[in-house]
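All remarks here apply to the structure that follows.
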Amino acid sequence: MAKAPEEKTSKAPEEKITTDTIILLLIRITFIVFDSFKRLVSLLNTGVTKDTQTNEKQIVPAKDSNDKLKGLLKKELVDLVIAYEKETGIDHQSVK
């Protein structure tokens, strides 16, 4: 009986575990863990979506001078008095 020819399979070269490979592995793992931790903290600070960020922003009104603010308050007060007089039926020109 004839012998079947042996199949030659290419095996991966056996890699020896050295101190250098262990150090490189630990450095890679450290970078992966650090990057994951950074992303987790940034998600907790900013939120998952951008919509929540824009909704929480407060728009600060422009600051006006005190004289301008007093003028606005007087105008609103006059408008309020006129509206009250119309509501109650009082003629503001006859009342002095």
Side-chain angles (χ1 to χ4, degrees):
M1 206 160 160
K3 227 177 174 188
E6 293 183 20
E7 293 182 21
K8 293 185 178 180
T9 57
S10 61
K11 292 184 179 178
E14 293 185 21
E15 195 173 311
K16 294 183 180 179
I17 298 175
T18 62
T19 307
D20 292 341
T21 57
I22 292 175
I23 290 173
L24 288 175
L25 177 67
L26 291 176
I27 290 173
R28 286 180 184 168
I29 290 173
T30 304
F31 281 134
I32 291 171
V33 169
F34 181 71
D35 186 49
S36 300
F37 183 72
K38 231 173 39 173
R39 287 185 185 198
L40 178 66
V41 169
S42 69
L43 280 176
L44 292 176
N45 287 341
T46 60
V48 178
T49 62
K50 291 184 179 181
D51 293 339
T52 57
Q53 280 182 336
T54 56
N55 291 341
E56 293 176 1
K57 288 184 182 178
Q58 294 180 355
I59 299 173
V60 179
K63 291 187 177 182
D64 293 326
S65 66
N66 286 337
D67 295 334
K68 187 174 181 182
L69 290 175
K70 286 179 185 177
L72 289 175
L73 290 175
K74 287 179 185 176
K75 181 182 177 191
E76 289 178 3
L77 181 60
V78 168
D79 291 341
L80 182 63
V81 169
I82 292 173
Y84 175 75
E85 289 174 350
K86 285 183 181 178
E87 185 74 26
T88 58
I90 299 173
D91 185 16
H92 72 277
Q93 293 178 354
S94 65
V95 176
K96 291 190 179 186

Is V41 reachable from V33 through a run of hydrophobic residues whose side-chain heavy atoms are each under 4.5 Å from the next?
-> no

Roughly how far, to the nearest 0.5 Å, is CD1 of I29 from CG of L24?
-> 11.0 Å

Verify same cluster id: I23, F31 (apolar side-chain graph, 4.5 Å) | yes

Looking at R39 and D35, does any basic side-chain N land under 4.0 Å from a carboxylate oxygen?
-> yes

For I22, which fellow cluster members are found when Ile, Leu, Val, Met, Phe, Trp and Tyr are connected by side-chain heavy-atom distances below 4.5 angstrom, either directly or through intermediates?
-> I17, L26

